[in-house]
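Right, I'll just put the structure down here and ask away after.
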Amino acid sequence: QVQLVESGGGLVQAGGSLRLSCVASGRTFTSYAMGWFRQAPGKEREFVAANSWSGSSTYYADSVKGRFTISRDIGKNTAYLQMNSLKPEDTAAYYCAAGIRANYGSSSYYYHPNKYNWWGQGTQVTVSS
């Protein structure tokens with residue numbers, strides 16, 4: 001059974017940094033897309049960042065471009081989201097997700113939550129002003 005477990009969330013002041021981790025178990029995610037999404041109270045889940053199934057491409061929401069960096073360590077079966085220059089509007093529950101290669105016939109598919117097969121339970125990030 002596939003499991004994704006996020007960690008690294010917490011409370012941070014505006015301008016600070018956090019690094020989220022997502023450990024995958026149940027299979028080796030060498031040819032799987034990894035994505036990060038977030039959901040604030042009363043809002044829909046939104047795309048944050050993704051790493052393509054080949055690992056060669058990354059995608060970011062405009063709101064985080066230049067501040068967040070997605071990466072993965074294949075040997076540790078772990079994906080990361082480095083978040084710098086955090087803003088109060090980044091406050092949300094952050095979820096990692098993984099998807100099989102066949103889901104991504106177009107690069108635009110990485111932005112859609114329904115293109116991911118497995119999800120973590122989420123980790124809360126709160127940015128104070």
Side-chain angles (χ1 to χ4, degrees):
Q1 184 171 348
V2 174
Q3 274 195 318
L4 301 176
V5 179
E6 304 99 332
S7 62
L11 174 64
V12 64
Q13 287 189 328
S17 299
L18 284 174
R19 188 176 80 156
L20 305 184
S21 300
C22 173
V23 179
S25 61
R27 64 182 66 194
T28 301
F29 285 79
T30 53
S31 295
Y32 292 79
M34 298 297 295
W36 287 94
F37 291 77
R38 66 187 182 187
Q39 187 167 19
K43 294 187 176 181
E44 292 187 355
R45 189 168 297 192
E46 65 172 358
F47 170 80
V48 175
N51 187 227
S52 65
W53 62 263
S54 66
S56 62
S57 299
T58 55
Y59 307 90
Y60 296 95
D62 288 343
S63 59
V64 307
K65 208 170 288 184
R67 300 188 297 123
F68 290 12
T69 303
I70 187 172
S71 62
R72 70 167 81 182
D73 185 328
I74 298 298
K76 295 182 178 180
N77 230 20
T78 301
Y80 302 97
L81 185 68
Q82 177 66 44
M83 306 186 296
N84 299 329
S85 302
L86 282 161
K87 304 175 181 179
E89 51 263 45
D90 294 318
T91 294
Y94 282 71
Y95 300 87
C96 74
I100 61 174
R101 174 178 175 176
N103 292 352
Y104 306 98
S106 166
S107 60
S108 65
Y109 293 169
Y110 290 102
Y111 297 81
H112 295 280
N114 60 2
K115 292 297 183 181
Y116 292 83
N117 301 90
W118 302 281
W119 291 82
Q121 84 290 346
T123 185
Q124 179 67 34
V125 171
T126 303
V127 184
S128 63
S129 57

In Trp118, Tyr116, Trp53, the residue satisfying ring pair (Phe, Tyr, Trp, His ring centres under 6.0 Å) with Tyr32 is Trp118
ask   = If Ile, Leu, Val, Met, Phe, Trp and Tyr residues are connected whenever their side-chain heavy atoms lie under 4.5 Å apart, and connections chain through other members, are Tyr111 and Tyr95 in the same group?
value = yes
OG1 (Thr91) and CD (Gln124) are apart, to the nearest 0.5 Å, by 7.5 Å
Inset, instruction - Consider only side-chain heavy atoms of I, L, V, M, F, W and Y, link residues closer than 4.5 Å, and tell whether Phe68 and Leu18 are in one cluster. - result: yes
Quiz prompt | Lys87 and Asp90 ion-paired at < 4.0 Å | solution = no
- Task: Without swapping roles, check the side chain of Glu6 against the backbone of Cys96 for a donor-acceptor pair under 3.5 Å.
- Result: yes
If hydrophobic clusters are built from ILVMFWY residues whose side chains come within less than 4.5 Å, do Leu4 and Trp36 share one? no
Requested in this report: Check whether more than 12 heavy atoms from other residues, nucleotides or ligands sit under 6.0 Å from atom NZ of Lys65, and answer yes or no.
Outcome: yes
- prompt: Do Val64 and Arg38 touch side chain to side chain, with heavy atoms closer than 4.5 Å?
  reply: yes
cation_pi(Arg45, Phe37) dist<6.0 Å, angle<=45: no
For Tyr109 and Asn103 the tightest heavy-atom approach is CD1-O, 3.2 Å
Heavy-atom side-chain contact between Phe47 and Tyr59 under 4.5 Å:
yes
Note: Arg27 and Asn77 closest approach over all heavy atoms is O-ND2, 2.8 Å
### Query
Side-chain contact, heavy-atom cut-off 4.5 Å: Met83 with Arg67?
no
Smallest heavy-atom separation, Ala92 atom then Ala40 atom, equals CB-N, 3.9 Å
Report yes or no: do Trp119 and Ile70 belong to one cluster of Ile/Leu/Val/Met/Phe/Trp/Tyr joined by side chain heavy-atom distances under 4.5 Å? no
Distance col, row Arg72:CZ vs Thr58:OG1, nearest 0.5 angstrom, shows 11.0 Å
Are Leu86 and Leu20 connected in a single hydrophobic cluster, I mean Ile/Leu/Val/Met/Phe/Trp/Tyr linked by side-chain heavy atoms less than 4.5 Å apart? yes
**Asked** Can you check whether Thr78's main-chain N or O pairs, donor with acceptor, with Asp73's side chain at less than 3.5 Å?
**Response** no
Open item on the list: Using a 3.5 Å distance criterion without hydrogens, assess whether the side chain of Tyr104 forms a donor-acceptor pair with backbone atoms of Lys115.
Closed with: yes
Worksheet item: Do any N or O atoms from the side chain of Asn51 and from the backbone of Ser57 form a donor-acceptor pair under 3.5 angstrom?
Response: yes
Closest non-hydrogen atoms of Gln39 and Lys43, given as atom of the first, atom of the second and distance, are NE2-O, 3.0 Å
query = Is the count of non-hydrogen atoms from other residues, nucleotides or ligands lying under 6.0 Å from Gln3 atom CD greater than 12?
reply = no
In terms of heavy-atom contacts, Gly99 and Asn117 come closest through CA-OD1, 3.3 Å
Residues Met34 and Cys22: closest non-hydrogen pair is CE-SG, 4.2 Å
